[in-house]
There are 2 protein chains.
Amino acid sequence: MAQTRERLVEAARDLFLLKGYHATGIAQILKTSGANSGSLYHFFPTKEDLLLAVLTWYRDNIDEGLLQFVYARIDDPIERVFGVLDGYRQLLLILEFEYGCPIGNLALELSNSHPAARTLIRENFENWLAAIEANVVAAQDRLPLDTDPRALALFTLTVMEGAVMLAKTYRNLDPFDSAVAQLRSHYDRLLAEGTEWSSPRPLPEPTEHQDESIQHS
Amino acid sequence: MAQTRERLVEAARDLFLLKGYHATGIAQILKTSGANSGSLYHFFPTKEDLLLAVLTWYRDNIDEGLLQFVYARIDDPIERVFGVLDGYRQLLLILEFEYGCPIGNLALELSNSHPAARTLIRENFENWLAAIEANVVAAQDRLPLDTDPRALALFTLTVMEGAVMLAKTYRNLDPFDSAVAQLRSHYDRLLAEGTEWSSPRPLPEPTEHQDESIQHS
DNA sequence: GTCTATATATTGATAGAC
DNA sequence: GTCTATCAATATATAGAC
């Protein structure tokens, strides 16, 4: 049947999500999908080709799989951002923390060794960032004039990925909720400043450390 | 020799860091460490036992391996926090992004399937959090009275883990620097408020979304 | 505690009939 | 495009002499 390819991608997607790439065997993918070895290798010459198909699927399904589900019930752009984060929260709950961000998992497992996968992982992140950035831009009339939408979107993704990692490790939503609450307060402080130029960075207490290679905002 | 066990742990530690747990074979560990199969299984009945030894090593070496290196040249507690983050930045650079946080990598790869490892990963995070929290406490006289040191430390860890993931994926320090700069501005806003009680959360523009399950601060 | 040789299962991948 | 049978390589782990 023509949907064999699709079943294979779905099975691989779910197994990679739950167990990771290396820990998932071809045999399991065949069993889960109900396909045979010959069919799999007809569509995907190597296991890595199947991985790329999975990452392509995620990349092309961020809208229906994630955004539309949130946007359907929330209109305010800032609340949409936190609605997306809440989507990950729900998935952590539903799958009892045997989950994480599927892209994040594969990013840490494969970014070093699989360049083609890394490119697709980056494209996934780029799509996610573009969606969040669009929300920040839509709310820009309530944010300080010097707000950098891309940087704020990137910060949001950063916090989400870190928060999912900690929740998965603790098998508990507390670290996730705590981190998102801190992120919320970060947004709140920006909103509280309104459309004025952001106040200049205050001078910290004089300290005696010499070299400081962190770039400040 | 009595240091065979140590050489095995070091080799496994480095290989797990670069390639992950599943992608690292026993044969490679033997080759890298110069030990023989019999020696390895004398000390570690299973591969997972070796993994636990590696995680224990990290847990017991956070001081000498990370903190003291930073604290030796920085005294200010807030700058020590960002100095620790800068340590990860340097490692990303030195190892040309073929790196990440070793604990974070293993957290996403193994938290689901290896409960004993997950416990040690959590202990690693706890040690890291305690160190950062101690710095926040040390700077508490410059922070708002209602600052929660544990929550701020957790936020810092969250941002660090997410930032390392993105830098590794992009093979570029930009996302790391951007996220850390945002975190720095978060700290700066807290410092700017001084020791007063934090201003109450401002009311955002009224919006029409109904259910909002994110916990606000 | 260390050595070499090897067992056993599973891995990703292939062959060739249909 | 699908099927079964199977390959060669690698995986983790073991045996037993020293």
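Each chain gets a letter, A, B and so on, in the order the sequences are listed, and its residues count up from 1.
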Practice task
Give me the one residue out of B:R171, B:K19, B:K168 that meets side-chain hydrogen bond (donor to acceptor under 3.5 Å, both in side chains) with B:E98.
Solution key: B:R171
Separation of [N] [atom2] from [X] [atom1] (nearest whole Å):
X	N	atom1	atom2	value
B:L40	C:dT4	CG	C1'	15 Å
A:N36	C:dG12	CG	C1'	16 Å
B:K47	C:dT10	NZ	P	15 Å
A:L50	C:dT11	CG	P	15 Å
A:F44	D:dG1	CZ	C1'	14 Å
B:Y41	C:dA7	OH	P	16 Å
B:I26	C:dT4	CD1	P	17 Å
B:K31	D:dT10	NZ	P	12 Å

Practice task
Would you indicate which nucleotide in D:dT2, D:dA13, C:dA13 comes nearest to any side-chain atom of A:T46?
Solution key: C:dA13
Completion exercise
The nucleotide from D:dT14, C:dT14, D:dT2 with an atom nearest the side chain of B:S37 is D:dT14
Handout entry: Most 5' of A:E48 and B:S39 on DNA chain C, judged by nearest nucleotide
Key = B:S39
Handout entry: Test of ring centre spacing under 6.0 Å for A:Y88 and A:Y99
Key = no
Practice task
Indicate, with a heavy-atom threshold strictly under 4.0 Å, whether B:G38 touches base, sugar-phosphate, or nothing.
Solution key: base
Practice task
Output yes when a side-chain donor or acceptor of B:D148 lies under 3.5 Å from a complementary backbone atom of B:A151, and no otherwise.
Solution key: yes
Exercise for the section: Please round to the nearest 0.5 Å and tell me the distance separating atom CD1 of A:I103 and atom CD of A:E161. Expected result: 8.5 Å
Practice task
Examine the base of C:dT2 for any acceptor or donor lying under 3.5 Å from a partner atom in the side chain of B:T4, and report the outcome as yes or no.
Solution key: no
